[in-house]
> 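Take a look at the following structure, please.
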Amino acid sequence: MIFLTGFVGYLFKLLNSSGSLAAIAVGLAVFIGVGIKGLLLLGIFFITSSFWSAYKRSVKQSVEKKLAKGATRDWRQVLANGGAAGLFSLLFYFYQDNAWLIGFACSLASANSDTWASEIGSLSKKNPVFIRTFKRVEKGTSGAVSLLGNTAALMGSLLMAAMSFWFFRLDIIVGLLIFLFGYVGNLIDTIIGAYFQQVYRCSQCGLETEKTWHCQRPTKRIKGFCLIDNDMVNFLSGLLVSIIAILVIPS
């Protein structure tokens, strides 16, 4: 099933070749560590996030001009969203401590929250508000929030928390905390994106973008820290909130 999912993802252009291999690797890690239930939770994340990425894609074309990558995921995007889940799964396999299971669930809740916020929030009729200036900015700007995006973030985290609660027979309080920390992961992603993520400007058209190449020429970095791109922001936010959850949530 793991290999089939990777192949189908590649076939339907949800993953490129490197993304397909990375998805298989993450799937194997989750299956080894957490078993079929963990794999089902990972599958729910992959299917729903892929659906929202493809939903009304033609409407999102203006947003994708600002983003470094489109809806077809490569290995970096797969590991950014699923790498922490794979890591916590393997830790659970070796140590059999429910703390790692909580980290696994929280990392996927955070990834799903962020993905739903980005993909659904970009369909908002109003432009989002940048958290550093509280001014409206173009859709697709890292560190910007909207009412629709925040609502989607809550729903994305709730889905993962509810499925974790059901699959792993968790205490209701633990399930609610996974929901809370999943949403907090999205907030951390927004903060890191606003203050630390790299932003470039195209010298040809003047567009501010995450891309290092635009209008067939290299762009110039105007702010942000080296190596802190969108994939790194996604990975760090999921990993950080999961570590905090492990320390806070009783296992």
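Everything numeric in this text was worked out from a predicted model, so none of it was measured. The basis for the numbers below is simple: all heavy atoms, side chains too, and nothing from hydrogens, waters or symmetry mates.
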> Spell out, as yes or no, whether a donor-acceptor pair under 3.5 Å connects the side chain of Thr48 to the backbone of Phe45.
yes

> How far apart are the closest heavy atoms of Pro218 and Trp213, and which atoms are they?
CD-CZ3, 3.2 Å

> Take atom CH2 of Trp116 as the centre, draw a 6.0 Å sphere, and report whether it contains more than 12 heavy atoms from other residues, nucleotides or ligands.
yes

> Ignoring hydrogens, what is the shortest heavy-atom contact between Val78 and Val26? Give both atom names and the distance.
CG1-CG2, 4.3 Å

> Examine distances only and state if a side-chain atom of Thr115 and a backbone atom of Ala111 form a donor-acceptor pair shorter than 3.5 Å.
yes

> Are the side chain of Ser157 and the backbone of Ala153 linked by a donor-acceptor contact shorter than 3.5 Å?
no

> Looking at the rings of Phe51 and Tyr55, which for Trp means the six-membered one, are their centres under 6.0 Å apart?
yes

> Hey, does Lys56 have a side-chain heavy atom less than 4.5 Å from the side chain of Leu123?
yes

> Quick one: are Met155 and Ile120 in side-chain contact, heavy atoms under 4.5 Å?
no

> If we ignore hydrogens and angles and just use 3.5 Å, is the side chain of Ser113 paired with the main-chain N or O of Ala109 as donor and acceptor?
no

> Considering only heavy atoms from C-beta outward, does the side chain of Phe168 approach that of Val34 to under 4.5 Å?
yes

> Without swapping roles, check the side chain of Thr219 against the backbone of Lys211 for a donor-acceptor pair under 3.5 Å.
yes

> Is it the case that the side chains of Ser142 and Glu210 hold a donor-acceptor pair, with the cut-off being a distance below 3.5 Å and no angle test?
yes

> Which class fits the ring pair Phe225 and Phe196: parallel under 30°, tilted 30 to 60°, perpendicular over 60°?
tilted

> Is Ser122 reaching over with its side chain to a backbone N or O of Glu119, donor-acceptor style, under 3.5 angstrom?
yes

> Which atom names give the shortest non-hydrogen contact between Pro250 and Val174, and what distance separates them?
O-CG2, 4.0 Å

> Would you say the side-chain atoms of Lys139 pair up with the backbone N or O of Lys126, donor to acceptor, closer than 3.5 Å?
no

> For Leu101, is there any backbone N or O sitting under 3.5 Å from a side-chain donor or acceptor partner on Asn98?
no

> With a 3.5 Å cut-off and no angle check, do the side chains of Ser53 and Arg73 form a donor-acceptor pair?
yes

> Determine whether a donor-acceptor pair (N or O, by modelled atom type, separation under 3.5 Å) exists between the side chain of Ser49 and the backbone of Phe46.
yes

> Does CG belonging to Leu227 count more than 12 external heavy atoms closer than 6.0 Å?
no

> Tell me the closest heavy-atom pair linking Phe104 and Phe88, and the distance in Å.
N-CB, 3.7 Å

> Look at the side-chain heavy atoms of Ile, Leu, Val, Met, Phe, Trp and Tyr, link any pair under 4.5 Å apart, and say whether Phe134 and Val145 land in one connected group.
no

> About how many Å separate CG of Leu207 and CD of Glu138, when rounded to the nearest 0.5 Å?
6.5 Å

> Measuring from Gln198:CD to Cys226:SG, what's the distance to the nearest 0.5 Å?
6.0 Å

